[in-house]
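For reference, the structure discussed in these notes is given below.
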Amino acid sequence: MSAKKITMRVTRYRPEQEDAPTEQAYELEFPDDWVVLDALNYIKDDVDGTLTFRWSCRMGICGSCGMMVNGEPKLTCAAFLRDYYPAEIRVEPLQYFPIIRDLVIDMTDFLHKLKAITPWIVRDEEKPLAEGEYLQTPAQLADYKQFSMCINCMLCYSACPVYGHEPEFIGPAAIALAHRYNLDSRDEGQEARQQVIASSEGIWDCTLVGECTEVCPKRVDPAMAIQRTKVATTTEWAKSMLMPWGKQ
Amino acid sequence: MYEVNKTEPFWWGLFSLGGVVAALFVPIHIIMVGFLSAEAVGYHQMVALVGNPLIKLYLFTLVSLPLFHAAHRLRFALKDLGLKVAGGLLGVFLYGGAVFGTMVAAYIVATLP
Amino acid sequence: MKQPEPEYTYPTYHRPIPATWWLRDRKYFLFMMRELSSFFIAVFLLIYLYGLSLLSKGQAAYGQFQETLRSGGFTLFFVVAFIFAVYHSWTWWSIMGKVQVVRLGDHKVPERVITAVALAGWVVASAVVLFVFTR
Ligand code: SF4
Ligand code: FES
(Lines give C-alpha, C1' and ligand atoms only; values in the text may rest on other atoms or scores of the structure.)
(Ligands and ions follow the chains in the order given, each with its own letter.)
Protein backbone atom coordinates (compact mmCIF):
# COMPACT_ATOMS: atom_id res chain seq x y z
CA MET A 1 0.00 0.00 0.00
CA SER A 2 1.43 3.37 -0.99
CA ALA A 3 1.59 6.05 1.63
CA LYS A 4 -1.03 8.78 1.45
CA LYS A 5 -0.30 12.48 1.11
CA ILE A 6 -1.95 15.07 3.31
CA THR A 7 -1.57 18.81 3.85
CA MET A 8 -1.36 20.22 7.36
CA ARG A 9 -1.92 23.91 7.97
CA VAL A 10 -0.20 24.75 11.22
CA THR A 11 -0.33 27.97 13.23
CA ARG A 12 3.03 29.67 13.57
CA TYR A 13 3.72 32.44 16.02
CA ARG A 14 7.25 33.64 16.67
CA PRO A 15 6.93 36.71 18.86
CA GLU A 16 10.44 37.91 18.04
CA GLN A 17 9.67 38.13 14.34
CA GLU A 18 5.90 38.66 13.93
CA ASP A 19 3.13 40.55 15.71
CA ALA A 20 0.34 38.11 14.98
CA PRO A 21 0.13 34.39 14.29
CA THR A 22 0.37 33.14 10.72
CA GLU A 23 -0.23 29.80 9.11
CA GLN A 24 2.27 27.49 7.48
CA ALA A 25 1.37 24.56 5.24
CA TYR A 26 3.30 21.31 5.29
CA GLU A 27 2.69 18.49 2.88
CA LEU A 28 3.65 15.03 4.03
CA GLU A 29 3.21 11.35 3.42
CA PHE A 30 1.85 9.33 6.29
CA PRO A 31 1.38 5.68 7.14
CA ASP A 32 -2.03 4.53 8.24
CA ASP A 33 -1.29 4.51 11.95
CA TRP A 34 -0.05 8.09 12.31
CA VAL A 35 -1.79 10.58 14.55
CA VAL A 36 -1.55 14.37 14.24
CA LEU A 37 1.18 14.38 16.88
CA ASP A 38 3.28 11.92 14.83
CA ALA A 39 3.03 14.28 11.87
CA LEU A 40 4.08 17.25 14.00
CA ASN A 41 7.06 15.30 15.31
CA TYR A 42 7.98 14.29 11.78
CA ILE A 43 7.91 17.94 10.73
CA LYS A 44 10.01 18.97 13.69
CA ASP A 45 12.60 16.21 13.17
CA ASP A 46 12.88 16.17 9.39
CA VAL A 47 11.40 19.31 7.88
CA ASP A 48 11.39 22.33 10.15
CA GLY A 49 13.07 22.15 13.54
CA THR A 50 11.66 25.49 14.66
CA LEU A 51 8.08 24.24 15.06
CA THR A 52 7.16 24.30 18.74
CA PHE A 53 4.51 22.27 20.54
CA ARG A 54 3.95 20.32 23.76
CA TRP A 55 3.66 16.59 24.19
CA SER A 56 4.91 13.83 26.39
CA CYS A 57 3.21 10.48 26.84
CA ARG A 58 1.74 9.85 23.35
CA MET A 59 -0.95 7.75 24.98
CA GLY A 60 -3.67 10.08 26.21
CA ILE A 61 -2.50 10.31 29.80
CA CYS A 62 -0.28 13.34 30.30
CA GLY A 63 -2.76 15.83 28.87
CA SER A 64 -0.15 18.08 27.28
CA CYS A 65 -0.79 17.59 23.55
CA GLY A 66 -4.19 19.31 23.30
CA MET A 67 -4.68 21.46 20.17
CA MET A 68 -7.47 22.57 17.89
CA VAL A 69 -7.71 20.11 15.03
CA ASN A 70 -10.00 21.46 12.32
CA GLY A 71 -11.54 23.74 14.92
CA GLU A 72 -12.18 21.09 17.55
CA PRO A 73 -10.20 20.65 20.74
CA LYS A 74 -8.44 17.27 20.53
CA LEU A 75 -5.61 15.33 22.08
CA THR A 76 -3.33 15.21 19.04
CA CYS A 77 -1.89 11.88 20.16
CA ALA A 78 -5.34 10.39 19.71
CA ALA A 79 -6.39 12.11 16.47
CA PHE A 80 -5.64 9.83 13.51
CA LEU A 81 -4.67 11.45 10.22
CA ARG A 82 -6.62 8.80 8.31
CA ASP A 83 -9.85 10.09 9.84
CA TYR A 84 -9.30 13.47 8.18
CA TYR A 85 -7.77 12.28 4.91
CA PRO A 86 -8.05 13.36 2.11
CA ALA A 87 -9.08 16.80 3.42
CA GLU A 88 -6.51 19.23 4.76
CA ILE A 89 -5.92 19.39 8.47
CA ARG A 90 -5.81 22.68 10.32
CA VAL A 91 -3.80 22.54 13.56
CA GLU A 92 -4.07 25.51 15.91
CA PRO A 93 -3.22 26.17 19.54
CA LEU A 94 -6.05 25.57 22.04
CA GLN A 95 -8.74 28.18 21.62
CA TYR A 96 -9.30 30.97 24.19
CA PHE A 97 -5.80 30.62 25.66
CA PRO A 98 -3.04 33.13 24.93
CA ILE A 99 -0.35 31.84 22.58
CA ILE A 100 3.27 31.79 23.72
CA ARG A 101 4.78 30.31 20.58
CA ASP A 102 3.41 28.33 17.63
CA LEU A 103 1.14 25.68 19.18
CA VAL A 104 2.11 26.34 22.79
CA ILE A 105 -0.46 28.12 24.94
CA ASP A 106 -0.14 29.87 28.27
CA MET A 107 -1.80 27.72 30.94
CA THR A 108 -0.92 29.89 33.94
CA ASP A 109 -4.53 30.99 34.36
CA PHE A 110 -5.75 27.40 34.52
CA LEU A 111 -3.11 26.43 37.06
CA HIS A 112 -4.16 29.27 39.35
CA LYS A 113 -7.78 28.19 39.15
CA LEU A 114 -6.88 24.59 39.75
CA LYS A 115 -4.99 25.53 42.87
CA ALA A 116 -7.83 27.74 44.08
CA ILE A 117 -10.18 24.78 44.52
CA THR A 118 -7.69 22.87 46.73
CA PRO A 119 -7.55 19.73 44.59
CA TRP A 120 -6.37 17.46 47.36
CA ILE A 121 -7.95 15.78 50.36
CA VAL A 122 -8.44 18.27 53.17
CA ARG A 123 -8.88 17.13 56.77
CA ASP A 124 -9.85 19.24 59.74
CA GLU A 125 -7.37 17.20 61.66
CA GLU A 126 -5.09 14.52 60.28
CA LYS A 127 -5.26 11.31 62.26
CA PRO A 128 -1.95 9.98 63.52
CA LEU A 129 -0.08 7.68 61.14
CA ALA A 130 -0.24 4.84 63.64
CA GLU A 131 -4.03 4.67 63.18
CA GLY A 132 -3.55 3.62 59.59
CA GLU A 133 -5.07 4.72 56.33
CA TYR A 134 -8.47 6.28 55.68
CA LEU A 135 -10.69 3.44 54.56
CA GLN A 136 -13.18 3.73 51.77
CA THR A 137 -15.73 1.27 50.40
CA PRO A 138 -16.01 0.53 46.67
CA ALA A 139 -19.37 2.32 46.68
CA GLN A 140 -17.78 5.44 48.17
CA LEU A 141 -15.09 5.28 45.52
CA ALA A 142 -17.70 4.94 42.78
CA ASP A 143 -19.30 8.21 43.92
CA TYR A 144 -16.41 10.34 42.66
CA LYS A 145 -14.34 8.05 40.42
CA GLN A 146 -15.59 9.50 37.13
CA PHE A 147 -14.58 13.01 38.17
CA SER A 148 -11.14 11.85 39.24
CA MET A 149 -10.17 10.77 35.72
CA CYS A 150 -9.28 14.32 34.62
CA ILE A 151 -5.84 14.70 33.04
CA ASN A 152 -5.85 18.51 33.04
CA CYS A 153 -5.67 18.67 29.27
CA MET A 154 -7.81 21.85 29.14
CA LEU A 155 -9.77 20.71 26.09
CA CYS A 156 -12.92 21.56 28.02
CA TYR A 157 -11.82 25.18 28.45
CA SER A 158 -11.24 25.43 24.73
CA ALA A 159 -14.77 24.17 24.11
CA CYS A 160 -16.31 26.69 26.51
CA PRO A 161 -17.49 29.98 24.99
CA VAL A 162 -18.21 31.27 28.49
CA TYR A 163 -14.53 30.92 29.38
CA GLY A 164 -13.71 32.66 26.10
CA HIS A 165 -15.87 35.65 26.93
CA GLU A 166 -15.24 35.72 30.65
CA PRO A 167 -11.71 34.67 31.44
CA GLU A 168 -12.48 34.95 35.17
CA PHE A 169 -14.77 31.89 34.92
CA ILE A 170 -13.22 29.11 37.00
CA GLY A 171 -14.23 26.70 34.29
CA PRO A 172 -15.20 23.09 33.72
CA ALA A 173 -12.21 21.00 34.82
CA ALA A 174 -11.54 22.95 38.02
CA ILE A 175 -15.18 22.75 39.10
CA ALA A 176 -15.37 19.07 38.19
CA LEU A 177 -12.30 18.47 40.35
CA ALA A 178 -13.78 20.44 43.22
CA HIS A 179 -16.82 18.18 42.88
CA ARG A 180 -14.54 15.15 42.90
CA TYR A 181 -12.99 16.07 46.25
CA ASN A 182 -16.30 17.17 47.74
CA LEU A 183 -17.73 13.75 46.96
CA ASP A 184 -14.77 11.93 48.49
CA SER A 185 -15.77 10.35 51.81
CA ARG A 186 -12.32 11.11 53.26
CA ASP A 187 -12.49 14.82 52.51
CA GLU A 188 -13.56 17.63 54.84
CA GLY A 189 -12.71 20.63 52.68
CA GLN A 190 -16.14 21.32 51.20
CA GLU A 191 -16.69 24.64 52.87
CA ALA A 192 -13.50 26.25 51.63
CA ARG A 193 -14.15 24.93 48.12
CA GLN A 194 -17.73 26.18 48.17
CA GLN A 195 -16.35 29.67 48.77
CA VAL A 196 -14.65 29.43 45.39
CA ILE A 197 -17.08 27.51 43.22
CA ALA A 198 -20.27 29.17 44.51
CA SER A 199 -18.80 32.60 43.74
CA SER A 200 -19.80 34.72 40.76
CA GLU A 201 -16.80 33.36 38.89
CA GLY A 202 -17.80 29.78 39.66
CA ILE A 203 -20.85 27.69 38.82
CA TRP A 204 -23.16 30.67 38.22
CA ASP A 205 -21.24 31.78 35.15
CA CYS A 206 -21.96 28.47 33.44
CA THR A 207 -24.81 28.47 30.89
CA LEU A 208 -24.63 24.75 30.23
CA VAL A 209 -23.46 24.88 26.66
CA GLY A 210 -22.42 21.31 27.39
CA GLU A 211 -19.50 21.10 24.95
CA CYS A 212 -16.96 20.57 27.76
CA THR A 213 -18.51 17.17 28.32
CA GLU A 214 -18.54 16.36 24.61
CA VAL A 215 -14.83 17.04 24.06
CA CYS A 216 -13.49 15.50 27.26
CA PRO A 217 -11.24 12.55 26.35
CA LYS A 218 -11.72 10.99 29.79
CA ARG A 219 -15.53 11.21 30.06
CA VAL A 220 -15.28 13.35 33.15
CA ASP A 221 -18.56 15.17 32.35
CA PRO A 222 -17.78 18.57 33.86
CA ALA A 223 -21.17 19.93 32.71
CA MET A 224 -22.93 17.43 34.94
CA ALA A 225 -20.65 18.24 37.88
CA ILE A 226 -21.47 21.94 37.51
CA GLN A 227 -25.22 21.40 37.20
CA ARG A 228 -25.31 19.13 40.22
CA THR A 229 -23.40 21.70 42.23
CA LYS A 230 -25.90 24.35 41.17
CA VAL A 231 -28.83 22.21 42.27
CA ALA A 232 -27.20 21.35 45.59
CA THR A 233 -26.16 24.95 46.29
CA THR A 234 -29.60 26.31 45.43
CA THR A 235 -31.31 23.68 47.60
CA GLU A 236 -29.04 24.55 50.53
CA TRP A 237 -29.73 28.22 49.97
CA ALA A 238 -33.50 27.68 49.90
CA LYS A 239 -33.31 25.64 53.10
CA SER A 240 -31.34 28.35 54.85
CA MET A 241 -33.96 30.90 53.75
CA LEU A 242 -36.94 28.86 54.82
CA MET A 243 -35.38 27.63 58.04
CA PRO A 244 -32.85 30.23 59.14
CA TRP A 245 -32.75 28.64 62.57
CA GLY A 246 -31.35 25.43 61.06
CA LYS A 247 -27.69 24.55 61.10
CA GLN A 248 -25.40 27.29 59.85
CA MET B 1 -10.38 36.46 46.88
CA TYR B 2 -13.44 34.46 45.87
CA GLU B 3 -16.71 35.15 47.64
CA VAL B 4 -19.91 33.14 47.75
CA ASN B 5 -22.56 34.84 45.65
CA LYS B 6 -25.74 35.04 47.70
CA THR B 7 -28.16 36.27 45.04
CA GLU B 8 -27.46 33.93 42.15
CA PRO B 9 -29.10 30.89 43.83
CA PHE B 10 -32.31 32.93 44.01
CA TRP B 11 -32.32 33.79 40.30
CA TRP B 12 -31.14 30.36 39.31
CA GLY B 13 -33.85 28.76 41.43
CA LEU B 14 -36.53 30.82 39.69
CA PHE B 15 -34.87 30.08 36.36
CA SER B 16 -35.09 26.35 36.83
CA LEU B 17 -38.61 26.37 38.24
CA GLY B 18 -39.62 28.46 35.24
CA GLY B 19 -37.85 26.01 32.96
CA VAL B 20 -39.87 23.13 34.37
CA VAL B 21 -43.17 25.01 34.06
CA ALA B 22 -42.36 26.05 30.49
CA ALA B 23 -41.28 22.57 29.49
CA LEU B 24 -44.36 20.92 30.98
CA PHE B 25 -47.17 23.27 30.04
CA VAL B 26 -46.27 25.83 27.37
CA PRO B 27 -46.40 23.66 24.21
CA ILE B 28 -49.94 22.48 24.90
CA HIS B 29 -51.08 26.05 25.63
CA ILE B 30 -49.62 27.21 22.32
CA ILE B 31 -51.61 24.49 20.58
CA MET B 32 -54.80 25.53 22.36
CA VAL B 33 -54.43 29.24 21.73
CA GLY B 34 -52.90 29.06 18.27
CA PHE B 35 -54.31 26.05 16.51
CA LEU B 36 -57.52 24.75 18.09
CA SER B 37 -60.90 26.12 17.08
CA ALA B 38 -61.94 29.27 18.93
CA GLU B 39 -64.94 27.49 20.50
CA ALA B 40 -62.73 24.90 22.15
CA VAL B 41 -61.33 27.60 24.46
CA GLY B 42 -64.31 29.92 24.14
CA TYR B 43 -65.43 32.71 26.44
CA HIS B 44 -67.95 30.87 28.61
CA GLN B 45 -65.70 27.89 28.95
CA MET B 46 -62.79 30.09 30.13
CA VAL B 47 -64.87 32.21 32.50
CA ALA B 48 -66.25 29.08 34.14
CA LEU B 49 -62.72 27.80 34.57
CA VAL B 50 -61.05 30.90 35.99
CA GLY B 51 -63.67 31.06 38.73
CA ASN B 52 -61.70 28.26 40.33
CA PRO B 53 -58.93 29.62 42.59
CA LEU B 54 -56.70 26.65 41.74
CA ILE B 55 -56.92 27.51 38.03
CA LYS B 56 -56.12 31.12 38.92
CA LEU B 57 -53.02 30.00 40.78
CA TYR B 58 -52.05 27.75 37.88
CA LEU B 59 -52.39 30.55 35.32
CA PHE B 60 -50.39 32.94 37.47
CA THR B 61 -47.57 30.41 37.82
CA LEU B 62 -47.74 29.54 34.14
CA VAL B 63 -47.07 33.15 33.15
CA SER B 64 -44.80 34.35 35.92
CA LEU B 65 -42.14 31.69 36.36
CA PRO B 66 -41.14 31.34 32.67
CA LEU B 67 -40.64 35.12 32.60
CA PHE B 68 -37.86 34.69 35.16
CA HIS B 69 -36.61 31.74 33.17
CA ALA B 70 -36.37 33.89 30.04
CA ALA B 71 -34.81 36.85 31.87
CA HIS B 72 -32.06 34.61 33.24
CA ARG B 73 -31.31 32.87 29.96
CA LEU B 74 -31.27 36.07 27.96
CA ARG B 75 -29.03 37.75 30.50
CA PHE B 76 -26.37 35.08 30.04
CA ALA B 77 -26.91 34.57 26.30
CA LEU B 78 -26.31 38.26 25.69
CA LYS B 79 -23.23 38.04 27.87
CA ASP B 80 -21.94 35.15 25.74
CA LEU B 81 -22.63 37.24 22.66
CA GLY B 82 -20.18 39.73 24.07
CA LEU B 83 -22.53 42.33 25.54
CA LYS B 84 -20.55 43.64 28.45
CA VAL B 85 -23.24 45.68 30.23
CA ALA B 86 -24.88 42.34 30.83
CA GLY B 87 -23.70 42.03 34.40
CA GLY B 88 -25.26 45.18 35.76
CA LEU B 89 -27.74 47.14 33.71
CA LEU B 90 -29.05 44.31 31.57
CA GLY B 91 -29.71 42.18 34.66
CA VAL B 92 -31.70 44.98 36.26
CA PHE B 93 -33.64 45.47 33.04
CA LEU B 94 -34.41 41.77 32.44
CA TYR B 95 -35.16 40.69 35.99
CA GLY B 96 -37.02 43.97 36.49
CA GLY B 97 -39.13 43.11 33.48
CA ALA B 98 -39.90 39.68 34.90
CA VAL B 99 -40.90 41.20 38.26
CA PHE B 100 -43.09 43.74 36.51
CA GLY B 101 -44.67 41.02 34.36
CA THR B 102 -45.35 39.01 37.49
CA MET B 103 -47.12 41.91 39.15
CA VAL B 104 -49.24 42.54 36.07
CA ALA B 105 -50.04 38.82 35.88
CA ALA B 106 -51.03 38.80 39.56
CA TYR B 107 -53.34 41.76 39.02
CA ILE B 108 -54.95 40.36 35.86
CA VAL B 109 -55.45 36.90 37.28
CA ALA B 110 -56.77 38.18 40.61
CA THR B 111 -59.35 40.45 38.95
CA LEU B 112 -60.67 37.81 36.56
CA PRO B 113 -64.47 37.46 36.74
CA MET C 1 7.83 28.45 54.91
CA LYS C 2 5.83 29.24 51.83
CA GLN C 3 8.01 30.19 48.89
CA PRO C 4 6.69 33.06 46.81
CA GLU C 5 5.90 31.90 43.31
CA PRO C 6 8.35 33.17 40.72
CA GLU C 7 6.91 35.61 38.17
CA TYR C 8 7.89 35.12 34.59
CA THR C 9 7.15 37.65 31.92
CA TYR C 10 6.92 36.81 28.29
CA PRO C 11 4.89 38.14 25.39
CA THR C 12 1.69 36.30 24.56
CA TYR C 13 -0.80 36.69 21.76
CA HIS C 14 -4.51 36.93 22.62
CA ARG C 15 -6.72 35.84 19.76
CA PRO C 16 -9.87 37.92 19.29
CA ILE C 17 -13.17 36.01 19.39
CA PRO C 18 -15.34 36.71 16.35
CA ALA C 19 -18.88 37.87 17.14
CA THR C 20 -20.16 35.07 14.94
CA TRP C 21 -18.64 32.26 17.05
CA TRP C 22 -22.05 30.70 17.61
CA LEU C 23 -22.80 30.56 13.89
CA ARG C 24 -19.68 28.65 12.98
CA ASP C 25 -20.57 25.38 14.59
CA ARG C 26 -23.88 23.52 14.67
CA LYS C 27 -23.51 22.70 18.36
CA TYR C 28 -23.03 26.29 19.42
CA PHE C 29 -25.86 27.36 17.13
CA LEU C 30 -28.22 24.86 18.75
CA PHE C 31 -27.16 26.14 22.16
CA MET C 32 -28.12 29.67 21.15
CA MET C 33 -31.45 28.44 19.81
CA ARG C 34 -32.12 26.70 23.11
CA GLU C 35 -31.51 29.96 24.95
CA LEU C 36 -33.60 31.89 22.42
CA SER C 37 -36.53 29.53 22.97
CA SER C 38 -37.09 31.24 26.33
CA PHE C 39 -37.76 34.51 24.51
CA PHE C 40 -40.46 33.04 22.28
CA ILE C 41 -42.03 31.31 25.27
CA ALA C 42 -42.13 34.60 27.18
CA VAL C 43 -43.67 36.48 24.24
CA PHE C 44 -46.31 33.78 23.87
CA LEU C 45 -47.16 33.99 27.56
CA LEU C 46 -47.54 37.76 27.38
CA ILE C 47 -49.98 37.35 24.49
CA TYR C 48 -51.77 34.72 26.54
CA LEU C 49 -51.89 37.02 29.55
CA TYR C 50 -53.39 39.77 27.41
CA GLY C 51 -56.04 37.30 26.25
CA LEU C 52 -56.85 36.46 29.87
CA SER C 53 -57.21 40.13 30.75
CA LEU C 54 -59.87 40.41 28.03
CA LEU C 55 -62.01 37.88 29.88
CA SER C 56 -62.79 40.75 32.25
CA LYS C 57 -63.84 42.91 29.28
CA GLY C 58 -66.61 40.64 28.12
CA GLN C 59 -67.37 38.12 25.44
CA ALA C 60 -67.12 40.46 22.46
CA ALA C 61 -63.62 41.72 23.27
CA TYR C 62 -62.37 38.20 23.99
CA GLY C 63 -63.95 36.76 20.86
CA GLN C 64 -62.49 39.48 18.69
CA PHE C 65 -59.01 38.86 20.07
CA GLN C 66 -59.41 35.17 19.37
CA GLU C 67 -60.17 36.08 15.78
CA THR C 68 -57.11 38.33 15.56
CA LEU C 69 -54.98 35.42 16.71
CA ARG C 70 -56.12 33.45 13.67
CA SER C 71 -54.51 35.92 11.26
CA GLY C 72 -51.59 34.79 9.13
CA GLY C 73 -48.96 36.72 11.08
CA PHE C 74 -50.03 35.30 14.42
CA THR C 75 -50.31 31.78 13.03
CA LEU C 76 -46.76 32.03 11.76
CA PHE C 77 -45.67 33.22 15.20
CA PHE C 78 -47.45 30.32 16.90
CA VAL C 79 -45.81 27.82 14.59
CA VAL C 80 -42.35 29.23 15.34
CA ALA C 81 -43.07 29.55 19.07
CA PHE C 82 -44.38 25.99 19.18
CA ILE C 83 -41.21 24.61 17.59
CA PHE C 84 -39.09 26.57 20.05
CA ALA C 85 -41.23 25.49 23.00
CA VAL C 86 -41.01 21.82 22.06
CA TYR C 87 -37.25 22.19 21.60
CA HIS C 88 -37.05 23.70 25.07
CA SER C 89 -39.02 20.81 26.56
CA TRP C 90 -36.92 18.24 24.76
CA THR C 91 -33.59 19.73 25.87
CA TRP C 92 -34.88 20.31 29.40
CA TRP C 93 -35.85 16.68 29.94
CA SER C 94 -32.62 15.44 28.40
CA ILE C 95 -30.56 17.59 30.74
CA MET C 96 -32.69 16.58 33.69
CA GLY C 97 -31.63 12.95 33.22
CA LYS C 98 -28.04 14.02 33.70
CA VAL C 99 -28.49 16.42 36.55
CA GLN C 100 -31.02 14.79 38.82
CA VAL C 101 -29.54 11.91 40.78
CA VAL C 102 -32.34 9.54 41.74
CA ARG C 103 -31.47 6.67 44.01
CA LEU C 104 -33.61 3.59 44.44
CA GLY C 105 -32.20 1.77 47.41
CA ASP C 106 -28.56 1.21 46.64
CA HIS C 107 -28.28 1.98 42.97
CA LYS C 108 -28.77 5.04 40.82
CA VAL C 109 -31.57 5.22 38.30
CA PRO C 110 -29.96 5.53 34.82
CA GLU C 111 -30.15 8.85 32.96
CA ARG C 112 -32.25 7.45 30.14
CA VAL C 113 -34.90 6.20 32.54
CA ILE C 114 -35.18 9.60 34.22
CA THR C 115 -35.54 11.34 30.87
CA ALA C 116 -38.10 8.76 29.73
CA VAL C 117 -40.17 9.24 32.89
CA ALA C 118 -40.00 13.02 32.44
CA LEU C 119 -41.13 12.73 28.82
CA ALA C 120 -44.03 10.56 29.89
CA GLY C 121 -44.90 13.11 32.59
CA TRP C 122 -44.88 15.81 29.94
CA VAL C 123 -47.36 13.91 27.79
CA VAL C 124 -49.63 13.26 30.77
CA ALA C 125 -49.48 16.90 31.92
CA SER C 126 -50.34 18.09 28.41
CA ALA C 127 -53.27 15.70 28.23
CA VAL C 128 -54.58 16.84 31.61
CA VAL C 129 -54.34 20.52 30.62
CA LEU C 130 -56.06 19.80 27.32
CA PHE C 131 -58.83 17.94 29.13
CA VAL C 132 -59.36 20.66 31.75
CA PHE C 133 -59.17 23.66 29.41
CA THR C 134 -61.11 22.53 26.34
CA ARG C 135 -64.59 21.41 25.64
S1 SF4 D 1 -12.30 17.58 32.43
FE2 SF4 D 1 -11.75 16.34 30.63
S3 SF4 D 1 -11.37 17.89 29.01
FE4 SF4 D 1 -11.32 18.98 30.96
S5 SF4 D 1 -9.17 19.03 31.57
FE6 SF4 D 1 -10.07 17.21 32.55
S7 SF4 D 1 -9.72 15.52 31.12
FE8 SF4 D 1 -9.36 17.42 29.97
S1 FES E 1 0.92 13.29 24.52
FE2 FES E 1 0.18 12.84 26.52
S3 FES E 1 -1.97 13.06 26.25
FE4 FES E 1 -1.24 13.26 24.22
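In what follows, chains carry the letters A, B, and so on, assigned in the order in which the sequence lines appear, proteins first and then strands, with residues in each chain numbered from 1.
Residue A/W237 touches chain B through its side chain alone, counting heavy-atom pairs closer than 4.5 Å. Looking at A/T207, the atoms closer than 4.5 Å to chain B (heavy atoms on both sides) all sit in the side chain, from C-beta outward. Contacts of A/Q195 with chain B are made by both backbone and side-chain atoms, with heavy-atom separations under 4.5 Å.
Counted within 6.0 Å of CZ on B/F100, heavy atoms from surrounding residues, nucleotides or ligands total 12 or fewer; the atom is thus considered open. In this structure, A/K127 places its NZ atom where more than 12 heavy-atom neighbours from other residues, nucleotides or ligands lie under 6.0 Å away. Enclosure of atom CD in A/E16 by more than 12 non-hydrogen atoms of other residues, nucleotides or ligands within 6.0 angstrom is indicated. Other residues, nucleotides and ligands contribute more than 12 heavy atoms inside 6.0 Å of the CD atom of A/Q24. Other residues, nucleotides and ligands contribute over 12 non-hydrogen atoms within 6.0 Å of the CZ atom of B/F35.
Of the listed residues A/A238, A/S200, A/P161, the one with more heavy-atom pairs under 4.5 angstrom with chain B than any other is A/S200. Listed options A/V209, A/V231, A/T233 were ranked by heavy-atom pairs under 4.5 angstrom with chain B; first place goes to A/V231. Ranked by heavy-atom pairs shorter than 4.5 Å toward chain B, the options A/A198, A/A116, A/G202 are led by A/A198.
Taking CH2 of B/W12 as the reference point, atom CD1 of A/I203 lies at 8.5 Å (rounded to 0.5 Å). One distance of note links NE2 of A/H165 with CZ of B/F76; it measures 14.0 Å at 0.5 Å rounding.
For the side-chain contact (heavy atoms from CB on, under 4.5 Å) with B/Y2, the qualifying choice from A/I117, A/V196, A/I197 is A/V196, the only one to do so.
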